[in-house]
Amino acid sequence: MTNTAPRVRFAPSPTGHLHIGGARTALFNYLFARHAGGSLVLRVEDTDRERSTSEAVRHIIDGMRWLKLDWDEGPEIGGAHGPYFQTERLDIYSKYVAQLLTSGKAYRCFCTPAELSAKREAAQKAGQPPKYDKSCRELPAKAAEQRAGSESCVVRFAMPETGEIVIDDIVKGEVKFQAGLLDDFVIMKTDGMPTYNFAAVVDDYLMEITHIIRGDDHISNTPRQILLYEALGFAPLPKFAHMSMTLGPDGARLSKRHGATSVMEYKEQGYLPDAVANYIALLGWSPGSTQEIFSHEELIAEFSLERVGRSPNIFDTEKLLWMNGEYIRKTPPAELFELVKPYLIEASLIADDMSAAEMAYAEAVVALEQERLKLLPDIVDATRFFFTDDYAYDEAAWQKIMTQEHVPEYLAVLKDKLAAVEPFDAGSIEGLLRGQAEERGIKAAQAFHPLRVSVSGRMQGPSLFHMVEVLGRDRVVARVTRAIDLLK
Ligand code: GLU
């Protein structure tokens with residue numbers, strides 16, 4: 001029985017953090033694999049020895065783990081098609097380079113960098129494309145092999161002079177290239193390292209990759225890779241899906257100047273991983289409905305390459321921020337408390353070792369503010385007044401609310417009533433305030449706002465009655481007393 005479950009791969013070059021673009025490639029591969037019950041391979045393309053670092057491998061793995069994108073084969077878990085670092089597969093590439101040399105589909109090139117750049121310049125002056133002039137392609141293979149013993153050389157692919165390569169891309173449709181326009185590109189460098197196009201093909205074949213899902217900045221590599229598949233006798237070809245690029249709001253390719261680009265920066269800023277993954281999923285993929293919030297499981301269930309669009313997509317930080325707020329609201333309160341706790345401790349608003357009562361208070365405070373948080377660290381400013389008497393009164397709020405004529409006398413009465421009301425809960429507090437409004441013939445707002453400003457220093461916040469209940473009688477009475485004194 002042949003195994004028809006798809007196998008896909010995410011193949012980052014470890015030269016930096018996991019960026020939004022890379023995370024999207026990883027996510028789409030992951031969703032495709034999980035949706036189809038297939039496998040995701042993580043392969044580290046580290047043949048650029050100068051730019052690849054082990055920290056970058058760490059960053060990429062951390063980013064994927066944070067987004068909950070697990071892989072079935074690759075670093076940290078192994079698998080049947082390893083090793084999964086290209087620098088550990090050099091013998092394999094050498095073997096296939098030898099095969100191409102023997103079959104005459106590749107050749108050694110001894111041109112020095114200086115010669116090559118002179119040739120490029122000459123071609124440019126003559127108004128021709130800066131392609132390699134293929135001079136070494138004419139060298140007899142035996143002689144070239146001998147020369148290679150003492151001289152450094154690269155190995156080039158002997159590009160067919162004619163023919164058309166047609167890619168039937170799942171996203172882009174038919175894309176055609178003329179072989180005659182392509183260069184005899186290098187497949188192995190002087191230091192024995194394979195180039196990306198070559199190593200990727202050998203690995204994609206040996207790792208039995210069935211679908212190659214990647215950014216369309218790679219589409220011009222695809223004809224070269226297809227020709228390599230053919231030259232190496234690798235069949236069948238995988239299917240290709242090239243996703244359009246993500247742009248910033250100004251239409252330029254997403255980059256640093258559009259704000260955070262690394263996934264872990266979003267973690268630092270207090271985004272939730274599910275919100276980020278949900279948002280990234282919508283960069284180019286659309287579910288075919290107006291639904292925007294998708295749980296991890298829903299994304300897996302709904303995802304299909306057929307619904308990945310052809311036009312570029314725009315990264316909109318405002319939308320991501322909105323989505324994060326939605327996710328914060330959906331988080332079970334106890335879980336949210338654990339997530340915001342470090343920020344409250346950091347701001348010295350709560351202690352690491354709280355008593356049961358302090359803990360219950362802190363949890364109630366966080367639950368009250370849950371509705372309005374967009375980012376986890378928002379919790380600090382939103383809740384400061386719950387934990388300390390050292391909070392500022394908003395200038396505008398004080399001017400607008402506290403300088404009204406009725407306020408000093410009203411607060412004095414309210415203070416006594418708050419000291420006595422039983423039970424001290426949202427219901428009785430609401431009754432008390434509404435009763436005052438009615439008795440005094442003032443608007444509800446005129447009865448509510450002075451209390452709100454007194455106990456929180458601001459005009460906006462959670463439901464006043466619940467907020468007052470959570471703050472508790474002692475704090476509330478003390479704060480109203482303080483406001484009365486300030487008004488004198
Ligand atoms: N290492 C390549 C990159 O990070 C992989 C491209 C591919 O998916 O083939 O761009």
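Computation of the quantities below employed the complete heavy-atom set of this structure, encompassing side-chain atoms and omitting hydrogens, waters and symmetry-equivalent molecules. Ligands are counted one by one from 1 in listed order, and the atoms in each one are counted from 1 as well.
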Task: Student check: side-chain heavy atoms of Glu164 and Val166 closer than 4.5 Å - done: yes
Open item on the list: Parallel, tilted or perpendicular, judged at 30° and 60°: which one describes the rings of His17 and His59?
Closed with: parallel
Task: Reference residue Asp204; test side chain to side chain donor-acceptor pair (under 3.5 Å); the match among Arg43, Arg7, Gln225 - done: Arg43
Task: Student check: side-chain heavy atoms of Lys239 and Ile212 closer than 4.5 Å - done: no
Open item on the list: Among all the protein's non-hydrogen atoms, which is closest to atom 8 (O) of ligand 1, and how far away is it?
Closed with: Arg9 NH1, 2.7 Å
TODO: Starting from atom 10 (O) of ligand 1, locate the nearest protein heavy atom and write down its residue, its atom name and how far away it is, to 0.1 Å.
DONE: His218 NE2, 2.8 Å
Open item on the list: If the test is side chain to side chain contact (heavy atoms under 4.5 Å, CB included), which one of Tyr84, Phe10, Trp71 qualifies with Val41?
Closed with: Tyr84
TODO: For Arg214, counting its heavy atoms only, list the atoms of ligand 1 lying under 4.0 Å from any of them.
DONE: 7 (C), 8 (O), 9 (O)
TODO: Please name the residue in the list Asp46, Asp203, Asp48 that meets the side chain to side chain donor-acceptor pair (under 3.5 Å) test with Gln86.
DONE: Asp203
Open item on the list: Suppose I only count heavy atoms of Ser13 and a 4.0 Å limit; which atoms of ligand 1 are within that range?
Closed with: 1 (N), 2 (C), 3 (C), 4 (O)
Open item on the list: How far is atom 1 (N) of ligand 1 from the closest protein heavy atom, and which atom is that?
Closed with: Glu45 OE1, 2.6 Å
- [ ] Could you tell me the residue and atom name of the protein heavy atom closest to atom 9 (O) of ligand 1, and the distance to it rounded to 0.1 Å?
- [x] Tyr196 OH, 2.6 Å
Task: ligand 1 to Pro12 polar contact by distance, N or O atoms, under 3.5 Å - done: no
Open item on the list: What I want to know is whether Gln225 and ligand 1 share at least one N or O pair that is separated by under 3.5 angstrom.
Closed with: no
- [ ] Verify whether the ring centers belonging to Tyr96 and Phe234 lie closer than 6.0 Å.
- [x] yes
TODO: Answer yes or no for Ala200: is there a heavy-atom contact with ligand 1 below 4.0 Å?
DONE: no
